[in-house]
Participant: 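This is the structure, below, for whatever I ask next.
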Amino acid sequence: MAKIPINLQTGSIEEKDEGDIIVGIDLGTTNSLVAYIKDGEPTAVRDTSGSNALVPSVIHFGELGKISVGNDAREQLISDPEHTIYSVKRLMGKSYRDVENIEGFFGYKIIDEDTDSLVKIRVENRFYTPIELSAEILKQLKTRIESALDRTVTKAVITVPAYFNDAQRQATRDAGKLAGLDVLRIVNEPTAASLAYGLNNQSETAQKIAVYDLGGGTFDISILEIHDGIFEVLSTNGDTFLGGDDIDQFIIDYWLDINGKSKEDILNDKSKVQALRLMAERAKKALSSSDQFKDHVGFLNCQITRETLEQLIANFVQKTLDCCQRALQDAKLQASDIDHVVMVGGSTRIPYIKSAVGAFFGREVYDKLNPDEVVALGAAIQADILAGNQKDILLLDITPLSLGIETMGGLMDVIIPRNSKVPARAGRQYTTSIDGQANLKISVFQGERDLVEHNRKLGEFILRGIPPMPAGLPKIEIHFILDADGILLVKAKELRSEVEQSIEIRSQYGLSEEEMALMLLESIKHAESDMAVRALLEARNEANNILLSAAKFLQQHREILSEEEYATTEQLTAKLRTAVQGEDKDYINEVMEELNAYTSPLAHRAMDKTIAEAMRGKKID
Ligand code: ADP
Ligand code: MG
């Protein structure tokens with residue numbers, strides 16, 4: 001689709017001289033930045049002083065509605081905590097319920113409402129959505145690159161953690177729109193990082209890469225395979241509640257401890273909490289290059305050695321390695337199968353973390369590129385690919401949870417399995433279970449359990465106007481189309497009549513990564529009992545089908561059956577009907593067998609008769 005730029009003031013058609021530019025944006029929890037391809041090289045856009053590319057993801061609401069973003073806003077964390085918003089990415093696509101446990105983490109006000117509706121943030125008497133707040137950060141980045149390049153920029157690729165679900169991706173897209181950016185693609189951060197390292201052109205043979213991304217608020221591990229210029233994400237794992245912020249908290253707790261203070265002592269003094277946060281971060285960064293740190297906040301002694309820090313974070317680091325282990329398992333790989341380990345995120349500057357990750361994978365890690373910038377640089381490369389400038393790279397992502405529909409008896413029928421490559425398209429045929437059924441409800445679920453009641457419902461719709469047909473005759477094709485951003489389109493079509501219906505799934509609010517991990521764990525834990533339940537439900541479904549055809553058979557072929565045959569068939573169907581009520585799948589199968597064995601010669605006889613009748617009706621000459 002061609003777009004014609006019209007200058008709204010003059011009404012004239014703008015000359016399109018420079019060609020399209022698409023920028024790459026890393027919209028981070030802690031820091032955000034924008035990059036573009038300058039003379040063929042991905043380049044992060046720096047501030048006017050040329051020193052810093054990172055824009056702290058902090059928004060301050062000042063007097064008379066003046067909004068500032070970035071370093072200026074960050075400075076207000078201490079002086080004006082109630083009007084200073086940070087870590088808003090943690091709230092993207094989340095409901096109040098999703099975040100109630102972590103509310104204490106924020107120095108600002110999340111409106112306190114115990115519902116499933118999306119979270120809002122209160123500043124004085126205005127409410128802001130995380131989308132609006134993220135849009136402020138994006139506007140700042142847009143302004144920054146526009147003044148650096150002296151031209152308007154309207155197209156972007158934005159990165160998100162690999163675990164972001166539909167709602168969170170959609171929220172990110174909406175934030176872009178609100179900031180005046182046409183978001184051409186949402187890309188997973190680890191995918192972008194691997195692009196930045198340009199590992200795609202390194203080798204003829206397939207390479208396996210682990211991307212370890214520890215930022216301020218999130219941890220992501222992704223296992224990628226790269227071959228012939230194609231990136232494929234084999235598996236992902238992680239935790240949105242694991243990051244450098246937590247390390248700062250460990251340090252704060254340690255300082256309170258050595259000063260004989262409790263959390264309650266300072267909790268009411270929001271400025272002090274923030275001052276401690278900033279001091280803890282300073283200490284942490286300092287300890288990445290020196291052995292000890294000494295300072296104070298008020299009368300609090302803020303002293304810590306690298307050795308102590310390493311003790312404080314040992315469990316935390318182990319948690320990230322556990323995630324790595326699970327990601328390897330999902331990819332059916334061993335740590336030794338990994339060819340390259342890429343370090344992403346500011347927190348990977350901590351030497352202890354580098355060496356722990358290196359030891360886990362048994363190899364030296366990649367840390368040449370600036371770990372804060374690498375994602376944005378990759379996003380810029382992705383943008384360049386979309387602009388058509390790099391035709392030989394393809395990107396494939398994967399979906400973290402299975403997608404499917406509810407079938408008879410509440411069973412989950414998976415259509416797109418978890419860890420499928422995205423974009424994905426899959427379809428399957430279904431039919432009706434009742435004669436003359438005109439409507440079919442299609443309920444879409446996400447999750448790994450066998451019963452839909454244990455999975456998460458994404459939406460439902462009704463395929464209406466199926467022409468009257470006997471049960472089992474309509475051919476209803478259900479198609480799942482999952483696009484590159486992870487947004488699902490579900491289509492249902494009755495093939496004989498061409499009746500069609502579709503929905504796009506945009507879940508009302510997101511599933512937190514903890515919930516997602518929980519769903520996976522539960523599915524493993526319950527695999528055995530789920531299997532038993534599934535077997536029972538399947539036996540019941542099959543028995544119900546047989547009961548249906550048996551009833552039909554008795555009705556249609558009464559005249560070819562003897563009294564005794566009729567009575568026995570009825571008796572056996574009654575027995576099966578009772579068995580279906582019970583919980584014993586073996587018994588159901590047994591009675592089903594019995595009924596089948598008894599009725600199949602009768603069915604043959606009925607068939608012979610039908611054929612004979614058909615022959616009789618035919619004129620032979
Ligand atoms: P995000 O992707 O969450 O926006 P970044 O990749 O920008 O985060 O990483 C920010 C985190 O990195 C912060 O917690 C910050 O304190 C931490 N960080 C930055 N530099 C260092 C360093 N030298 N040593 C330890 N941690 C650091
Ligand atoms: Mg990041």
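Position 1 is the first residue of the sequence; numbering continues from there. Remember, it's 1-based here, ligands and their atoms both numbered in the order they're listed.
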Participant: Would you indicate which of Glu373, Glu281, Lys284 comes nearest to atom 26 (N) of ligand 1 when only heavy atoms are counted?
Facilitator: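 Ranked by closest heavy atom to atom 26 (N) of ligand 1, first place is Lys284.
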Participant: With heavy-atom distances below 4.0 Å as the criterion, list the atoms of ligand 1 near Gly28.
Facilitator: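 Those qualifying, in numeric order: 4 (O).
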Participant: Within the structure, is a non-hydrogen atom of Thr218 found at a distance of less than 4.0 Å from ligand 1?
Facilitator: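 Checking ligand 1 against Thr218, which is what was asked, there is no heavy-atom contact under 4.0 Å.
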Participant: Using a strict cut-off of 4.0 Å, indicate which atoms of ligand 1 neighbour a heavy atom of Ile350.
Facilitator: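 Contacts of ligand 1 toward Ile350, numbered from 1: 25 (C).
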Participant: Show which atoms of ligand 1 fall inside a sub-4.0 Å distance from at least one heavy-atom site of Gly244.
Facilitator: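 With Gly244 as reference, the close atoms of ligand 1 come out as 14 (O).
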Participant: Between Leu309 and Ile251, is any pair of side-chain heavy atoms under 4.5 Å apart?
Facilitator: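 Touching, per the 4.5 Å side-chain cut-off.
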Participant: If I apply the N/O under 3.5 Å rule, does Arg349 come out as touching ligand 1?
Facilitator: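 Looking only at distances, the answer is yes, because the N/O contact criterion of under 3.5 Å is met.
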Participant: Would you please classify the geometry between the His340 ring and the Tyr366 ring as parallel, tilted or perpendicular, with 30° and 60° separating the classes?
Facilitator: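 Judged by the thresholds at 30° and 60°, the geometry between Tyr366 and His340 is perpendicular.
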Participant: Which of the atoms of ligand 1 are close to Gly217, meaning less than 4.0 Å from one of its heavy atoms?
Facilitator: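 Once the distances to Gly217 are compared, the set is 3 (O).
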Participant: What do you reckon, does Thr29 have a nitrogen or oxygen under 3.5 Å from a nitrogen or oxygen of ligand 1?
Facilitator: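 There is such a contact, yes.
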Participant: Pair up each side-chain donor or acceptor in residues 242-250 with any protein partner under 3.5 Å, not counting sequence neighbours, and list the distances.
Facilitator:
{"unit_1": "Asp246", "atom_1": "OD2", "unit_2": "Gly243", "atom_2": "N", "d": "2.7"}
{"unit_1": "Asp248", "atom_1": "OD1", "unit_2": "Lys284", "atom_2": "NZ", "d": "2.9"}
{"unit_1": "Gln249", "atom_1": "NE2", "unit_2": "Asp253", "atom_2": "OD1", "d": "3.1"}

Participant: Run the salt-bridge test on Arg282 and Asp295 with the 4.0 Å N-O cut-off and return the result as yes or no.
Facilitator: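 Counted as a salt bridge, because a side-chain N and a carboxylate O are separated by less than 4.0 Å.
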Participant: Can you confirm, on distance only, whether ligand 1 has an N/O atom lying under 3.5 Å from any N/O atom belonging to Leu214?
Facilitator: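 So ligand 1 has no N or O lying under 3.5 Å from an N or O of Leu214.
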Participant: Just which atoms of ligand 1 are under 4.0 Å from any heavy atom in Ser288?
Facilitator: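 Contacts of ligand 1 toward Ser288, numbered from 1: 22 (C), 23 (N), 24 (N), 25 (C).
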Participant: Does Gly216, backbone or side chain, put an N or O under 3.5 Å from an N or O of ligand 1?
Facilitator: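 There is such a contact, yes.
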Participant: What residues, two or more places apart in sequence or in another chain, satisfy side chain to side chain donor-acceptor pair (under 3.5 Å) together with Thr29?
Facilitator: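 So Thr29 forms no side chain to side chain donor-acceptor pair (under 3.5 Å) with any residue.
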Participant: For Glu189, is there an ion pair with Lys89 - N to carboxylate O distance below 4.0 angstrom?
Facilitator: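 Answer for the salt bridge query: yes.
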Participant: Got an N/O contact under 3.5 Å between Asp372 and ligand 1?
Facilitator: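 Checking ligand 1 against Asp372, no N or O pair falls under 3.5 Å apart.
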Participant: Which of the numbered atoms in ligand 1 are under 4.0 angstrom from any heavy atom belonging to Gly345?
Facilitator: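 Close to Gly345: 6 (O).
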Participant: Using heavy atoms and a 4.0 Å limit, tell me yes or no: is Gly243 in contact with ligand 1?
Facilitator: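 So Gly243 does not count as touching ligand 1.
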